[in-house]
K.L.:
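Submitted below is the structure of interest, expressed as structure tokens.
Labels below follow one simple rule: chain letters A, B, ... track the order of the sequence lines, proteins then strands, and each chain is numbered from 1. Just so you know, these numbers use all the heavy atoms, side chains as well, and skip hydrogens, waters and symmetry mates.
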Number of protein chains: 2
Amino acid sequence: MATKHHGTPRERLALDTYIKLSRATAAVDARINRPLAEASLTTSQFGVLEAVWHLGPLTHGEIGRKLLKSSGNVTVVIDNLARRGLVQRESDAGDRRISRVALTATGTALLEAVFPAHVARVVDAFDSLDADELATLSTLLRRLGRAAAAAGNQPEPDRATGAHALTAVQTAVQEDTR
Amino acid sequence: MATKHHGTPRERLALDTYIKLSRATAAVDARINRPLAEASLTTSQFGVLEAVWHLGPLTHGEIGRKLLKSSGNVTVVIDNLARRGLVQRESDAGDRRISRVALTATGTALLEAVFPAHVARVVDAFDSLDADELATLSTLLRRLGRAAAAAGNQPEPDRATGAHALTAVQTAVQEDTR
DNA sequence: GGCATATATCTTGATGTCGAACCGTTCGAT
DNA sequence: ATCGAACGGTTCGACATCAAGATATATGCC
């Protein structure tokens, strides 16, 4: 196929791995999250619902750190969930800047209706790898993610609480960093 | 840390790996793509520019398949690039439905100014893994991506040409599937 | 030739997403 | 007690993104 140019083997290896990482993630995400549309939920909305379901009422800031989203974004997603009556904002007695997000009965019901199938899809998405391979993959990804996160950037996850929301599924696994 | 509930070990393993996959990808993407903002390029815009740079003029459809984006989305991204004079649309002589996207001189200059640093960032992002580990990761991700893509969904990459654009970096590596 | 169907792209409406600017609120140092 | 910095959220503007639906153009089959 005659690759035109580009440099060292190391560069090619890195670029190649990067492509596969991007593609695999895109494919897995699509497979896992697309079906959420049937419940009229986006990935982010599901993420918020799930985080609050597992952990109880959370502030915007906590949610943002868990899902790795900007504060402005959190406001929007919560607005959309609140508009549909799936969550509600509760103000904090002590600190009036804070507003905590809690599931409504409707929200709880919806999440519980959708969650089992979601987990099943996650399992399915990974069923091409056996337990050892999953463990290996997990280890490599953790190193990769850690290094990338450490290297300068970002909102900094949520190391403190040990619970990780992220793009859905999050809190189902309380451990990540261990 | 007492994970509350959830089922089988296999489920936990899959969920855990999914989290790490999402987080690692997010972190790596941020690290690699954020700096593109300095050239006022988004990830998608860079992806289009790069694809066309490597492969020559492409139709919207080809671009969409390479970057795994919907047709509507491709239109928007190209509009934004065209507005800035970085690309131009050329109509096809034989088939008037087709519009091919080509780099302008400005676009070429911009891409060439930005590309080397981009590759360097990709290499950096992966420097926590040695060559063997990268190869292993690559293999596992390919299996994962393939299985997920096969399982029902999607726009179906671009198996035919062998060239893969994707979220940037793409075409720098002509081979992927091999 | 002529119509049904398939293709390639564009449009529309809803959501997500970011970064930056902004507004109350709280807290710390003096 | 006061004032300035830090904090928690919201707003704004620009882009991305998808799913559906609309258009225009090609093609295939009779």
K.L.:
Counting only non-hydrogen atoms, which of residues 86-100 of chain B are less than 4.0 Å from DNA chain C?
P.N.:
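The answer is R89(B), R97(B), I98(B), S99(B).
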K.L.:
Side-chain contact test, heavy atoms from C-beta onward, threshold under 4.5 Å: evaluate it for L41(A) versus L111(A) and give yes or no.
P.N.:
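No, every pair of side-chain atoms sits at 4.5 Å or beyond.
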K.L.:
Tell me the side-chain hydrogen bond (donor to acceptor under 3.5 Å, both in side chains) pairs involving residues 131-141 of chain A, sequence neighbours left out?
P.N.:
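For residues 131-141 of chain A: E133(A)-R143(B), S138(A)-D16(B).
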K.L.:
Quick one, which residues of residues 103-111 of chain A touch DNA chain D with a heavy atom under 4.0 Å?
P.N.:
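Close to the strand, none.
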K.L.:
Atom CZ of R84(A) and atom C1' of dA14(C): how far apart are they, to the nearest Å?
P.N.:
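Taking CZ of R84(A) and C1' of dA14(C), I get 12 Å after rounding.
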K.L.:
Side chain of T42(A) only, heavy atoms from C-beta on: which candidate in dC15(D), dT15(C), dT10(D) is closest?
P.N.:
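Closest nucleotide to the T42(A) side chain: dT15(C).
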K.L.:
Do T106(A) and L86(A) touch side chain to side chain, with heavy atoms closer than 4.5 Å?
P.N.:
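A side-chain contact under 4.5 Å exists here.
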K.L.:
First locate atom CD1 of I78(B), then atom CG of L58(B), and finally report the distance between them rounded to the nearest 0.5 Å.
P.N.:
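Separation between the atoms: 9.0 Å.
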K.L.:
Nearest whole Å is fine: how far is dC18(C) C1' from L68(A) CG?
P.N.:
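Nearest whole value for this atom pair: 14 Å.
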K.L.:
Please name the residue in the list R65(B), R100(B), R89(B) that meets the side chain to side chain donor-acceptor pair (under 3.5 Å) test with H60(B).
P.N.:
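For H60(B), the side chain to side chain donor-acceptor pair (under 3.5 Å) check succeeds only for R89(B).
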K.L.:
Side-chain N or O of N80(B) versus OP1/OP2 of dA14(D): is the shortest distance under 4.0 Å?
P.N.:
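For dA14(D), neither OP1 nor OP2 has a side-chain N or O of N80(B) closer than 4.0 Å.
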K.L.:
Output the rounded distance in Å from NE2 (H60(B)) to P (dC18(D)).
P.N.:
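The distance from NE2 of H60(B) to P of dC18(D) comes to 15 Å, rounded to the nearest Å.
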K.L.:
Under 4.5 Å between any side-chain heavy atoms of D29(B) and T25(A), yes or no?
P.N.:
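Sidechains of T25(A) and D29(B): no contact.
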K.L.:
Please confirm whether any donor atom in the side chain of S71(B) sits under 3.5 Å from an acceptor in the base of dC10(C), or the reverse.
P.N.:
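Result: at least one qualifying N/O pair found.
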K.L.:
Nearest nucleotide by nearest heavy atom, which residue falls closer to the 5' end of DNA chain D, V76(A) or V77(B)?
P.N.:
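Counting from the 5' end, the first nearest nucleotide belongs to V76(A).
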K.L.:
Say you draw a straight line from CD of Q45(B) to CG of L81(B); how long is it, rounded to the nearest 0.5 Å?
P.N.:
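Between Q45(B) CD and L81(B) CG, I get 4.5 Å after rounding to 0.5 Å.
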K.L.:
Of the options dT10(D), dA16(D), dA19(D), whose atoms approach the side-chain atoms of R34(A) most closely?
P.N.:
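Comparing dT10(D), dA16(D), dA19(D) against the side chain of R34(A), the answer is dA19(D).
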K.L.:
Calculate the interatomic distance between I78(A) atom CD1 and dG8(D) atom P; express it in whole Å.
P.N.:
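From I78(A) CD1 to dG8(D) P: 15 Å.
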K.L.:
Expressed as a whole number of angstroms, how long is the span from L81(A):CG to dG16(C):P?
P.N.:
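That distance rounds to 7 Å.
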K.L.:
Compare the minimum distances between each of dT17(C), dA19(D), dT11(C) and the side chain of T75(B), then state the nucleotide with the smallest one.
P.N.:
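Closest nucleotide to the T75(B) side chain: dT11(C).
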K.L.:
Take atom CG of L36(B) and atom P of dG19(C), then tell me their distance rounded to the nearest Å.
P.N.:
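It works out to 13 Å between those atoms.
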K.L.:
So which nucleotide from dC18(D), dC18(C), dT9(C) ends up closest to the side chain of K69(B)?
P.N.:
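Of all the options, the side chain of K69(B) is nearest to dC18(D).
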K.L.:
When you match N73(A) and D79(B) each to their closest nucleotide on DNA chain C, which lands nearer the 5' end?
P.N.:
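Its nearest nucleotide being more 5', the pick is D79(B).
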K.L.:
Parallel, tilted or perpendicular: which describes the rings of F115(A) and H54(A), with under 30° parallel and over 60° perpendicular?
P.N.:
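F115(A) and H54(A): perpendicular rings.
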K.L.:
NA contact type, G72(B), heavy-atom cut-off 4.0 Å: base, sugar-phosphate, or nothing?
P.N.:
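Counting heavy atoms under 4.0 Å across all strands, the contact made by G72(B) includes a base.
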K.L.:
For the CG atom of L134(B) and the CZ atom of R10(A), what is their distance to the nearest 0.5 Å?
P.N.:
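If we round to the nearest 0.5 Å, L134(B):CG and R10(A):CZ are 5.0 Å apart.
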K.L.:
Without decimals, in angstroms, what is the distance between N33(A) CG and dT17(D) P?
P.N.:
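Distance, rounded to whole Å: 16 Å.
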K.L.:
I want to check something: taking the side chain as every heavy atom from C-beta on, are K69(B) and V77(B) in contact at a cut-off of under 4.5 Å?
P.N.:
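No. Closest side-chain heavy atoms not under 4.5 Å.
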K.L.:
Please report the distance, rounded to the nearest Å, between CG in L41(B) and P in dA16(D).
P.N.:
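It is 10 Å, rounded to the nearest whole Å.
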